[in-house]
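Every number for a ligand or one of its atoms is a count from 1 in the order of the listing. Quick caveat, the model's predicted, so the values are computed rather than measured.
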Amino acid sequence: MNNWNFFREAVKNFRSTGAIARASPVLVKRLIGSIPGRVPLTVIELGPGEGCVTRALLDKLGPDSRLTAFEINPAFVRRLELLDDQRLRVLPIGADRLTDYFAPGSVDFVVSSLPLSMIDQPVKERIIHQSQRVLKPGGQFLQYQYALQDYGLLKDSFPQVSISFTLANLPPAFVYSCSLGLL
Ligand SMILES: C[S@@+](CC[C@H](N)C(=O)[O-])C[C@H]1O[C@@H](n2cnc3c(N)ncnc32)[C@H](O)[C@@H]1O
């Protein structure tokens, strides 16, 4: 799916997509930069869309790692299924059902491109709370956002939150890196 097709899908479903273009390669690199490539990892992706972050994750993760993607748009789910990688499981399910699939403390990284600012507050709080619950003590929740609207919510949910910024995206974006701070 090229950027034009992503744009068309975004116009049809603007509230759930929350962007007019997919994340740039620079933003994707920044978002997943702290994930190590060699060790076996359990990784969750929230809101993969057409898969620009998914493909970068699969390029980076080793053969024994597992990636589970939660995506609610059926058109994007069909695209993701074409990736046909045995490390990848695509669930056509909302990100607020994480704990139906993962036990507490079982996940190394949750990587999210969800349009947090467009998601209803109770659902958003459920997603963040569940992400926090499934993470291992040394795990991280990684999220990008175009403004810092949800910094407060993340700060209330994670003891450690750091923020970086890149101009190399349309629009420029902040990247949150959140951890439980237990290691
Ligand atoms: C901004 S797009 C991100 C696409 C791509 N990962 C990127 O970074 O360019 C946000 C994606 O989140 C999905 N989404 C929105 N709400 C969701 C939810 N509650 N659960 C799972 N996916 C959701 C949308 O369908 C869309 O594909």
Side-chain angles (χ1 to χ4, degrees), residues 1-33 35 43-61 67-83 85 88-102 107 109-134 141-150 153-154 157 164-177:
M1 185 178 276
N2 57 30
N3 236 334
W4 171 243
N5 289 332
F6 181 90
F7 177 73
R8 279 203 322 206
E9 205 51 48
V11 170
K12 271 198 279 173
N13 304 285
F14 188 68
R15 204 174 152 73
S16 64
T17 308
I20 47 162
R22 58 192 174 187
S24 71
V26 172
L27 175 56
V28 173
K29 201 170 165 196
R30 179 76 64 95
L31 182 68
I32 68 171
I35 302 180
V43 180
I44 294 176
E45 186 183 0
L46 308 179
E50 54 73 51
C52 60
V53 177
T54 320
R55 286 188 295 275
L57 282 167
L58 291 170
D59 284 348
K60 190 165 193 186
L61 295 173
L67 174 60
T68 301
F70 290 76
E71 171 56 61
I72 52 169
N73 180 324
F76 287 145
V77 169
R78 284 193 291 279
R79 292 296 306 181
L80 293 162
E81 282 167 350
L82 296 176
L83 289 174
D85 185 308
L88 174 66
R89 169 170 65 152
V90 181
L91 298 176
I93 284 170
D96 58 326
R97 291 191 45 207
L98 276 191
T99 47
D100 292 357
Y101 293 85
F102 291 90
V107 172
F109 290 90
V110 178
V111 181
S112 170
S113 324
L114 291 173
L116 285 186
S117 57
M118 312 280 254
I119 296 178
D120 292 341
Q121 191 70 20
V123 177
K124 177 161 60 184
E125 285 177 10
R126 247 189 343 263
I127 293 169
I128 303 296
H129 178 69
Q130 292 191 15
S131 298
Q132 195 236 51
R133 260 190 89 200
V134 299
F141 175 80
L142 306 167
Q143 166 82 50
Y144 74 80
Q145 191 167 42
Y146 305 125
L148 294 174
Q149 296 105 316
D150 287 297
L153 173 61
L154 293 172
S157 310
S164 67
F165 178 70
T166 178
L167 283 170
N169 190 66
L170 185 69
F174 296 92
V175 174
Y176 303 104
S177 173

Donor-acceptor contact present, side-chain Glu45 to main-chain Val111, <3.5 Å
no
Give a yes or no on whether the backbone of Asp150 and the side-chain of Lys124 come within a donor-acceptor separation of less than 3.5 Å.
no
Minimum heavy-atom distance between Leu83 and Arg55, given as atom pair plus value:
CD2-CG, 3.8 Å
Could you list, one pair per line, each nitrogen or oxygen of ligand 1 together with any protein nitrogen or oxygen closer than 3.5 Å, giving atom names and the distance rounded to 0.1 Å?
unit_1	atom_1	unit_2	atom_2	d
ligand 1	6 (N)	Gly47	O	3.1
ligand 1	6 (N)	Pro48	O	3.0
ligand 1	6 (N)	Ser113	OG	3.1
ligand 1	8 (O)	Ser113	OG	3.4
ligand 1	8 (O)	Tyr144	OH	2.7
ligand 1	9 (O)	Ala23	N	2.7
ligand 1	20 (N)	Ala95	N	2.9
ligand 1	25 (O)	Glu71	OE2	2.6
ligand 1	27 (O)	Gly49	N	3.4
ligand 1	27 (O)	Glu71	OE1	2.8
ligand 1	27 (O)	Glu71	OE2	3.3

Has the side chain of Gln149 got a donor or acceptor atom that lies under 3.5 Å from a matching backbone atom of Ser117?
no
So which heavy atom on Tyr101 is nearest to which on Phe70, and how close?
CD1-CE2, 4.0 Å
Hydrogens and angles aside, do Arg30 and Ser164 bring a side-chain donor and acceptor to less than 3.5 Å of each other?
yes
